[in-house]
Structure formats: structure tokens, C-alpha cells
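Working notes, beginning with the structure itself.
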Amino acid sequence: MAGAAAEERRLATVVASWQQRPVLVVGDAMLDEWRFAESERLCREAPAPVLTLRRRISAAGGAANTAVNVAALGGRAALVAPVGADVAGDELHDCLDRAAVWDRTVSQPGRPTPVKRRMLAGNQILLREDSGGPEDGLDADGVARLLTALHCATEELRAVAAGQPLTLVVCDYGLGALPSAVRAWLVANRDRYGTVALDAHDLADWRGLNPTVVTPSFAEATRLLARAAAGFAHAERGAVPSGDVHLNHPAEADGPSELMVGAAPGGSGERVPGSPHPTSGTPAAEVPAGPTGEPVPGEERVALTGDGLSVTGTGVTVSAAAGAGVDRAVLAESRLPELREHTGADVVAVTLDTEGAVVGGAEGEPRRSHSTPVPASHAVGAGDAYLAAMTLALAADAGLPTAAQLAQLAATITVADTGTCVCRRQDLLAALGTGADEGGHPALVGADELAALVDEHRQAGRSVVFTNGCFDVLHPGHVRYLTQARALGDLLIVAVNSDGSVRRLKGPDRPVNPVEDRIALLAALACVDHVVVFEEDSPARLIEAVRPDVYVKGGDYPPEMVPEAPLVRRLGGQVRTLGYVPDRSTSAIIDRIRAQSHSMSERTERSEGREAMPDQHSRTVGEGRPA
């Protein structure tokens, strides 16, 4: 049990370490619409139920839901995607605003926002209507504005990253948001991002990106292997260039059971004029044009067998090594090296729906994770939660087994009910059994969720105490101060300055400890109920959101001298000041450490000098001694 608790704390520390990590999400954003109806009779016109609409819910979908999950898990998410100037687009903007996602989407008049409308009765999906798709392509102006938005969002995130490397997530669901010019820009600017995650229905379109991690479904991984094998076969016959064979999957891309080998509708092999080929570096004018048009009869079908074990077609067998009784996880694990080779990814995570996932990197054994089977209506968007958690963990330098474990947990805990899945950081921490108070609330909270959480506490009759500070080097003075503050009310909220804020207040050599370490230590204190990070130099915005009953500051001066006192009193709270423990300030501790370090250096220098002096002295005495 002790070992399990220690493991949960270790995983919770990783979750804390990705707090406010900057992540740029780009790709196909869509709106998920859920319509819940009841049926008590059949219509006279046809043997079909008459549905009475009871409730309608809209949620961010696709790349937008990935961005929402990044923000909900504690990252700083910015979304760049084309969005239509329509009602669905307005609803999508509202979803992003509610989730505190930086909405950097580009309005595309005349191009509808992709929507997936689901009609349900008794939590059973009866039908789904899709609108918006690849046929509604971006015009030249739309592509140019999308590229500008990508550059601006990257620089905007860099400005607030406090030196942290940026993270990029690409969500390509084949709906036309990522044409060749955008793909070429992302490939050319790959080095601007430390961690790059790719979720694409057609992974072959992204050769040259060399992502950190790809997260294909089993069908998408199979499609890539089939495309690579069929491409090589066609190249040997001189039919088409091996890199440009396209698998057209006319079935819904959520997971087709049948694939088509053929030419790319609209030219999958198109290149940006003047841009190099993503793999060969050859100028576009010298690269043979990719195939266009619909598949011809001779190109035949590539069928995925019912047991999910093999894909064959045009004389190519992709899974020849698979034997009877081998399941999808075993097959996926056996093909991980090929998938890494074809994608250029460091890590490949093949998701297996309710069967979990298989994850492997260049080193170490592949890892298999498991999930709990749920109705399909509960799992919509679970892959987005998986992708968000996996990306944040890898960006925070977590090991692959840890990242895979957190990703699977994030996906699993989101599927409890019907709707588009979003994993919140507090839910993830609660699932780990760490960082929650007696009411089940997490210790580490985001600024955007703080007001709602405080409202819950107030409805339960609890009084709120609020304090703030850098808490750079946690010491007994801090612990005594926070314990006294907690005694002034029913719960204590501690706001912590971000690293950038500390540098502005204390100088370039501070903080000594990064914010993820500072908040982890504070959250571990029994007297602290919630910890929140703020970027500004003043906690005024948080004070307005919390409206504390008691605001506490440390110092031996009257409350009237506290800068925040007028604001707190205007909001109906009181201000208290608590004296510091003598010689227990952070500055005093840092000065003492520096003084001891300087003293040790001086003693070392004197010691080295004394070792040299006797020889010099004896030579001097010897030379001056009378004969």
C-alpha cells in the first residue's frame, strides 16, 4: 500500500509540473452537438419513433476538444484553426472561452464550421448528421491568414513561456484545415517546438515532421502500413512514386473497416510551389506530380479482416507474421518499429478503443495499457484527452511509461457519461488519490476554476482565507505563518507567484525553485487547502474572484499598510497581518547559504595556500641561513 501511495504521489508531481505549460494546438476544429430526446410513440408516416427534444448540449470537438483538454489538465492552450462565420462557429468560440483556451482561430466566411450532430434517446445514439468537410477547402487568402495566425500564436506563447520550450499538437482529421501549405510551414518550423504530437487520420501526409509522439488508432496505423507497402509495390511496377500512393477511405474516418488503394482525390501529393519535398529536399518543380482522380479498377481494395489481424490487397500482405489467435494489441506491438520508421516519431501510441493502447519508443519494452469497456456514446473525444495528457507529460520530461500511464488514466476517467470527453486536472489528481480535501476538491487548482470552487465551499457554509506570496524556499516560518492563517477560517487558499512574476519582483536570480516545485510543497502541507498560480505582480484579479472572508499578509505592520486592503474591504472581507518568525525569511536563508559558501571558499583557498607556504618558507630560510 505504501508503494502504491508513493507511486500516486509521483504521478501527481508530474501533473503539477506541467502547470501552465504552453501548448499550441492546430488542426480541424469542429462543434459537437448532442440532442437528447424522448420517444413514446411511432409516427404514422413510417415505422420510426417520434422524438421530443428535451435537452441540447454543444461542446468543442476535434482539435478544439484537444485544446480544451490541454487547458482543463492545467496547460496553457492556444488553438489555431479555421472556423466558419456561422452560428456553429459562434458556439465553438463560446466553448473555447469557457474552457480558458486562447482562441486564435481564423474566421472563414463562406466555409461552414464542421459539426457533428448526434440525436440520442435513452443515451443511445440513433443517428449522427455531419456537415462541413474537405470539400469546403480554404482559399488562398484563408491559407495566408492561417499561416499568419500560426506564426503570431507561436510568438505569443513564446513571450509568456518563461523560457520553457513550446509544445505543438497537430490534429489532422482530414476536414481541410491543414492543406499542403500549412503542412509545409509546420515541417519547416519544426525546430521552434520542443515537443510535437501528431494525431492524423492519414499519417503519411506528415512525413518530414518527425514528431515526438504519434497517436494513431489501430485503423490509422494499419492504413499507414498498407499505404507504405502498396506504395513500394506500385513503385516497383513503375506505376506511381512510392511516397504518393493514397489510401482513400470513403467510410467515416472514425474507424473504417475497409480501405481503398488509389490516387488522391484533389492531389494528395501536391506541394507548395518552391518548397522542398518533405523527405528528399528536392524542389517541388522537380518532384513528379502526385496521382489525382478516383481509384481505377486495377488498384483494387485493401480489406481489413474481421479479426483485425491482416490487411491485404494488390498482392501486398501487411501483417504476414500475424498468426491465428493473435489480438490487435500483439499485432500493434509487433509493428511499432515500422510505425516509428514511417512516421519519424520517437514514440508511437496505437490506441485500441476500449482495449486500451500499446505504446513504444526507441528504447525499453513496449507498454500495454488497459481501459474499461463503455458504450460508444461515452467515449467520444476520449482520444483527445489521451493525446492531451500524453503530450503534457512528455513535454514535462516524464518518462514514457509515466506518460503512457497518465494518458490512459486521463482517457479512462472521462468516459463515465454520455458527451464529449474532457479530463480536468482535479479529476486526474482525484483518480490518483492525491491532493484532494475532505470534499473531494484538488489542492492544485487553475485560476479559471477557482471562483466556482469557492462558491461550492461557501454553499457548504465554509469561510475562506486567502494569502499570496512567492514561497521560494519553504521554511518553518512559512509553515507557522500558513498554519496561523488557516486557523482564521475554514479553508486556506494560497496564491503563488509564477516564475516570471518572481523575477520581476525579486530580481533575475530568483526564484531559486521553479513554480512546479513550490506548489507541490505547498499542496503537501496539511494546513493548505488549495494552491493557485498567478502570472501578474499583484493578486488583485484572484482576490476579486475569490472575495475572501479574510485576507492574510505576513509582516509586522498594521493592516492599513497592506496594498490590497482597500480592495478586500470593498469586497466585504477583513485584512490580517501575521508576524514573521525571526531569522526565518527566504532572503535570510539564501544570504546564509551564500555566506557559508563564501566562507568555505575562503577556507579552501587559505588551506591551499598553507600547503604551499612551508616549502616556500624553508627555501627562503635555507637560502638566508649563514654557512
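Start at 1 with the first residue, then count along the sequence.
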Within the distance-only criterion (no hydrogens, no angle test), does the side chain of [X] pair as donor or acceptor with the backbone N or O of [Y] below 3.5 angstrom?
X	Y	result
Arg340	Gly361	yes
Asp103	Leu79	no
Ser501	Ser498	no
Arg223	His201	yes
Thr402	Ala398	no

(request) Examine the side chains of Tyr386 and Asn69 and answer whether a donor and an acceptor come within less than 3.5 Å of each other. (result) no
(message) Is it the case that the side chains of Thr222 and Arg335 hold a donor-acceptor pair, with the cut-off being a distance below 3.5 Å and no angle test?
(response) no
Heavy-atom pair with the smallest gap, counting every atom of [X] and [Y]:
X	Y	answer
Gly132	Leu175	O-CD2, 4.4 Å
Pro211	Val214	CG-CG1, 3.5 Å
Cys171	Ala63	CB-CB, 3.7 Å
Val415	Ala382	CG1-CB, 4.0 Å
Leu400	Gly360	CD2-C, 3.8 Å
Val143	Ala181	CG1-CB, 3.7 Å

(request) Apply salt bridge (Lys or Arg N to Asp or Glu O under 4.0 Å) to the pair Glu535 and Arg76, showing each step before the final yes or no. (result) CA-CA 12 Å; Glu535 299 287 340; Arg76 189 195 305 271; 2.9 Å; yes
(message) For Leu224 and Glu220: C-alpha separation, side-chain torsions, deciding distance, then whether side chain to side chain contact (heavy atoms under 4.5 Å, CB included) applies.
(response) CA-CA 6 Å; Leu224 177 66; Glu220 290 161 356; over 6 Å; no
(request) Applying side-chain contact (heavy atoms from CB on, under 4.5 Å), name anything that partners Ala329, two or more places apart in sequence or on another chain. (result) Asp327, Leu352, Val358, Arg368
(message) Under the criterion side chain to side chain contact (heavy atoms under 4.5 Å, CB included), I'd like the reasoning laid out for Trp102 against Val23: C-alpha separation, chi angles, the key distance, then a yes or no.
(response) CA-CA 10 Å; Trp102 290 11; Val23 180; over 6 Å; no
Side chains of [X] and [Y] in contact at under 4.5 Å (non-hydrogen atoms):
X	Y	answer
Asn65	Asp32	no
Val170	Leu178	yes
Thr215	Val350	no
Val359	Val347	yes
Leu31	Lys116	no
Cys423	Leu73	yes
Glu516	Gln19	no
Gln108	Leu138	yes

(request) Go through the steps for His342 and Leu225 under the test side chain to side chain contact (heavy atoms under 4.5 Å, CB included), then give the verdict. (result) CA-CA 8 Å; His342 291 312; Leu225 294 174; 4.0 Å; yes
Would you call [X]-[Y] a salt bridge at under 4.0 Å N-O?
X	Y	value
Arg118	Glu129	no
Arg111	Glu135	no
Arg35	Glu33	yes
Asp130	Arg128	yes

Starting at [atom1] of [X], measure out to [atom2] of [Y] and round the result to the nearest 0.5 Å.
X	Y	atom1	atom2	result
Tyr193	Asn189	OH	CG	6.0 Å
Thr414	Asp384	OG1	CG	9.5 Å
Thr212	Asp346	OG1	CG	5.5 Å
Ser217	Arg328	OG	CZ	8.5 Å
Arg192	Leu168	CZ	CG	10.5 Å
Leu96	Thr105	CG	OG1	6.5 Å

(request) For the pair Ser369 and Gln408, evaluate side chain to side chain donor-acceptor pair (under 3.5 Å) and give the outcome as yes or no after the intermediate values. (result) CA-CA 7 Å; Ser369 59; Gln408 188 62 65; 2.7 Å; yes
(message) Between Val106 and Val83, does the side chain to side chain contact (heavy atoms under 4.5 Å, CB included) criterion hold? Intermediate values first, please.
(response) CA-CA 6 Å; Val106 177; Val83 173; over 6 Å; no
(request) Name all pairs fulfilling the salt bridge (Lys or Arg N to Asp or Glu O under 4.0 Å) condition that reach into residues 136-148, sequence neighbours left out, sorted by first residue then second. (result) Asp141-Arg145
(request) Just do the side chain to side chain donor-acceptor pair (under 3.5 Å) check on Trp34 and Ser58 with the steps written out, would you? (result) CA-CA 6 Å; Trp34 299 81; Ser58 293; over 6 Å; no
(message) Here's a test for you: under side chain to side chain contact (heavy atoms under 4.5 Å, CB included), which of Leu24, Thr195, Thr66 qualifies with Val169?
(response) Thr66
